[in-house]
Q: 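Just passing along the structure, written as structure tokens.
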Amino acid sequence: MVSHAFERGFGVLEMIRQRWVLLSVTAWAVACVSVFVLLWSYANVPGAQGMLPVGWTAATELERPDDRAMLLVFAHPKCPCTRATMTAIERLQREVPSSFATRVVFYEPADADASWRQTDLWARANKLVDAKAIADPGGTMTLDAGAVVSGCVALFDRDGQLRFWGGITPSRGHEGESVGLGAIRSVLRGQGAEMTSAPVYGCEIAGACVLSMEVCGERDGDASIDE
Amino acid sequence: MQALTSKHAQELFNEAESRVHRRTDVLFGVLFVVQFFGAVVAALTLTPQTWAGSESSVHIHVTAGLLLGALLCLMPLVLIVFRRGEAVTRYTIAVAQMLFSALLIHLMGGRLETHFHIFGSLAFLAFYRDWRVLVPATAVIATDHMLRGFFWPESVFGVLAASPWRALEHAGWVVFEDIFLAASCVQSQREMRAIAESQAQLEDAYQETERQVQERTAELRAQAESLSQSEERFRMAVHGSQDGIWDWNLQTNSVYYAPQWKQLVGCGEDDIGTTPDEWFGRIASGHLAKFHQAITELSGGEKELLDIELEITHADGVSRWMLCRATAHQDESGNVTRLVGSLADISDLKAAQERLRVLAHHDRLTGLPNRAVFTERVSYALACAKRDENRRFAVLFGDFDGFKNVNDSLGHAIGDAMLIRAGERFRSMLRDVDTVARMGGDEFALILDNVQRPEDAFETAERLIDSFREPYNLKGHEVISTLSLGLVMSEPKYESAEAMLRDADAAMYQAKTTGKNCVQIFDEEMHQAAMRRLDTERELRAATHDFESMDREFRLQYQPIVELNGGQIVGFEALVRWDHPVSGMVPPDRFIPIAEDAGMIIPLGEWVLQRACEQAVIWRRSLGPSRPFKVNVNLSRRQLMKPDLIPMLERVMEETGVHPSDLVLELTETSMMDERIDAVEIMGRIKELGIGMAMDDFGTGHSSLSCLRQFPIQTLKIDRAFLLTITEKREFSAVVQAIITLAYNLNLKVVAEGVEDAEQLVQLQAMECGYAQGYYFSRPVDAIDATRLLDGGLEQAGKRAA
């Protein structure tokens, strides 16, 4: 069969004889691959990771459970990339059930209408087990926590110690196994003692607010937890 | 995979494969369009925008879905439109489809379920039934995973470091499907090949069958055409032939009679049915049994051909002779089923054959049996005589005396009439048991059967001779031609008819020589004479073989011709003599007639002319050119009949150098009067050569004196018979005088032959005859003596003349 295929030359020889066809196909393939590389590059460029200020957890008014860890998620309610983060959290809840509570802080503009809370992410967040979705009008809490990119996750152990900071998706908007997901799984299973972090892939949460610290600062005291 | 057994099968397979490829190309074209819209919808649905706080922008997935999706569709669609069914199209589609899977997976956020698009695409590619298409598709997936695993391992393996085992697992599943699909393709191709093989065999068989059908059809058409032509030819032959074709079907016992057949028996087209009796009823009763027998033998296979002559009664009641020919036709088992033949009217042929038979056995003029029949009857009589010693018969051989004169003087018509009457007279004089036959010319032969004594035969012969003394009245002419008969009686010594005829002929010859108009009974002396004549003829033939032999055996003698007025020799007549080596000098009357009859006179005459001319040249030299002198040479009738006479004369004159005026050719009166010779024309040509001519033996023939005017002769030689009588009877002297006077009136010289005494000479001189020759002047002498006569004897001859 193979020999017969080689006898027929896969049609390559014919293609070579038709030089312009070969050149056209080659150029086309190169163009396709190039675009793919650009696409993949975009998907794999992490956003600004930020850093949770020390002692931030205590300062917050979030209700942290005493008997289990808490997974704090900063999300943009309309970021399509964050769906992968939700999927990753659902996966964690299946893999390490009852080991952590989840709090999802959804940014919303100061003048946001109701549509900002009627997104699929809000719906999925509300469906999560042992979870609370918290609106963050103007992004005060988010900015205080230092989260810049939607999908940024902070894991606090039962002692309130920050054990993970970063993203839990392999790339922008892509589901699947990732470094951050693995690290959280380890913490929740009581493995590892070091705090770890991972790049975050997603939309910018605060957007222009990040560039206007004053405006953002004016809204620091407005952060609250939506029960 | 084994190659196909035939080129045709390979072509069919390629055709089917191409059809699958082209169809699948179109299917993928549709799929690409659907996928394009799917990608766009997915991008718009799942990731329409990307956000930065409250500000949004179009997500790059939408752009990617539109642009990259369009780019991925572009080349396959172009190739599907322009290069559908080609390998480059399939491979490009395979690559594009895999890249589309990558795009969709990307746009769908890497969902695990979306990865099934890859497997679905590979399965879709298997629609091509070409496992080779899976190779570039798998290569694209492998490259994608290798590149991403290398640069972004977490996107593939979910960890920051590459995991070869997981890569192997991924590859394993793809290879698993590839093997599955490739096996499916191979199986499918094998079935396609089998189908192509079967179809090729079917088509080949169909084409072979079609070809055979066409060939057979063409062959049958050609056969039909040939048969049609053959039938047309046969029809034309049947209609055009004089023969009547018939075809007898023995199985149905019906006979086809062609129109010509019906015409031959005098019937119309509708007058004859198809039964054999229509034919048999017309066959003469005497031939019916013979015909039945022949038909039975032919239909029974005993004979292959029928060839029989029948007498068939024509519709007009007259019997006609018909030739019936036929062949038998057998079927495959060898049974004769048909008899096919023809009928031809041979009545005319039969009549002609009968005429020929009569002509072959009878003389056309007299209706009497001819020589062949007569010889046969003599043979039969001889055979009877041998069986019965008491039976004797006589053979008579007759010849009419002077019949030639009748022919010459009264013409052949009278001569023929006389022969017819003679035949009738013979028949009226003989018994029925006797036979009379015409042997040729004026010769008749008779068989007198049951004649015991020679006297009885002699008596019958005498009666015949007497009866022929009676004149015939032929067209107003009283003609008498007496009969000379030779008689021979049958003897035990005769072994053949030819011997008896020979002896009868010899007896008749004897009757002729002993006075004619008589009967001579054959005796041994006659036989001896005949044998001597035969010997003479044989020896003469040998002697005249060539000039050398003639120089040995023949001598020329010259008899002077004397001018009576002055006694001068004015010429010689050359006379040939045979100096036989055994018998000595043979007289001319013993060999000249034989030489004439046997044809030896031709070479002998030429020899005489040659030697006489040579001698004439010698004499002319000695006499000088002024003296009148000529040498006369006799020219026989046979020489005169020779077509090359003139060339022969020219050649002799050229060879000898004789002057033509010194030569005179003597022709007998009977030669000139022979109707077979155009003597006037020949003599005219001789005269043109300058040679003189003389009529020899004038008075012995039957020419009238007025005929002399038409012949270009200068000299008339009066036969010696007149000279013998001029001194005895007065009336003969008057005849000679008349001849001489007439000759002078015609400006001819006159030579009197046979002058033997002075009295004759005196009379001739008194008649003012110009020239004479004879023993009175000199016997014929040889050239030496003749020369002596010219020199010394001239005076003596002159004295005698004076």
Side-chain angles (χ1 to χ4, degrees), chain A residues 1 3-5 7-12 14-15 18 21-22 24-25 28-29 31-33 35-40 42-44 76-81 83-84 87 107-112 116 139 150 169-179 181-182 203-210, chain B residues 1-3 46-56 59-61 63-64 67-68 71-72 74-76 78-79 82-83 86-92 95-96 99 102-103 105-106 108-112 130-132 135-136 143-144 147-148 151-152 154-160 182 186 189:
Chain A
M1 183 171 64
S3 62
H4 183 63
E7 282 173 9
R8 297 177 65 176
F10 284 85
V12 173
E14 183 186 339
M15 288 165 60
Q18 300 169 355
V21 176
L22 185 61
S24 301
V25 170
W28 166 78
C32 291
V33 170
V35 175
F36 265 105
V37 169
L38 290 175
L39 192 60
W40 287 333
Y42 166 76
N44 286 283
H76 189 293
K78 294 187 178 180
C79 175
C81 311
R83 292 187 191 115
T87 301
Y107 159 80
E108 62 181 31
D111 53 351
W116 282 83
S150 178
T169 60
S171 62
R172 189 163 181 143
H174 276 244
E175 297 175 356
E177 191 61 39
S178 69
V179 176
L181 190 62
C203 300
E204 292 180 10
I205 297 175
C209 292
V210 177
Chain B
M1 187 175 293
Q2 288 185 341
L46 298 177
T47 54
Q49 294 170 308
T50 185
W51 292 82
S54 60
E55 295 182 0
S56 66
H59 198 284
I60 195 171
H61 280 186
T63 307
L67 296 182
L68 187 54
L71 184 61
L72 289 175
L74 177 65
M75 185 55 68
V78 168
L79 291 176
F82 294 106
R83 311 302 290 259
E86 294 186 8
V88 64
T89 305
R90 291 196 296 281
Y91 297 147
T92 303
V95 170
L99 291 176
L103 175 62
I105 290 170
H106 190 86
M108 295 296 285
R111 289 161 58 90
L112 182 62
D130 181 2
W131 63 267
R132 292 166 302 177
V135 173
T143 305
D144 169 61
L147 289 175
R148 290 204 294 150
F151 291 106
W152 304 287
E154 66 278 12
S155 67
V156 177
F157 309 117
V159 293
L160 291 174
V186 169
Q189 280 205 339

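Quick caveat, the model's predicted, so the values are computed rather than measured.
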Q: Taking B:Ile105, B:Thr143, B:Thr50, B:Leu72 one by one, which has the highest count of heavy-atom pairs under 4.5 Å against chain A?
A: B:Leu72
Q: Between A:Thr87 and chain B, which part of the residue has a heavy atom less than 4.5 Å away: side chain, backbone, both or neither?
A: neither
Q: Given a strict heavy-atom distance threshold of 4.5 Å, which part of B:Leu79 is in contact with chain A: side chain, backbone, both, or neither?
A: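 For B:Leu79, the side chain is the part near chain A, not the backbone.
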Q: Let me know if A:Ala84 has heavy atoms under 4.5 Å from chain B in its side chain, its backbone, both or neither.
A: neither
Q: Is B:Met75 close to B:Val95 at the side-chain level, that is, under 4.5 Å between some pair of heavy atoms?
A: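 Not in contact.
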Q: Below 4.5 Å, heavy-atom pairs only: which of A:Leu39, A:Val33, A:Leu181, A:Val35 has the largest tally toward chain B?
A: A:Leu39
Q: Would you call the rings of A:His174 and B:His106 parallel, tilted or perpendicular if under 30° counts as parallel and over 60° as perpendicular?
A: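 Judged by the thresholds at 30° and 60°, the geometry between A:His174 and B:His106 is tilted.
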Q: Please tell me if the side chains of A:Ser171 and A:Trp40 come closer than 4.5 Å, counting only heavy atoms from C-beta onward.
A: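 Result no, sub-4.5 Å side-chain heavy-atom pair not found.
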Q: Which residue out of B:Thr63, B:Leu46, B:Leu67, B:Val78 racks up the most heavy-atom pairs below 4.5 Å with chain A?
A: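 Result: the option with the highest number of such pairs is B:Leu46.
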Q: Can you classify the ring geometry of A:His76 versus A:Trp116 as parallel (below 30°), tilted (30 to 60°) or perpendicular (above 60°)?
A: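 Tilted, since the angle between the ring planes falls between 30° and 60°.
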Q: Tell me yes or no: between the side chains of A:Arg172 and B:Thr47, is some donor less than 3.5 Å from an acceptor?
A: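 Note: A:Arg172 and B:Thr47 side chains miss the donor-acceptor criterion.
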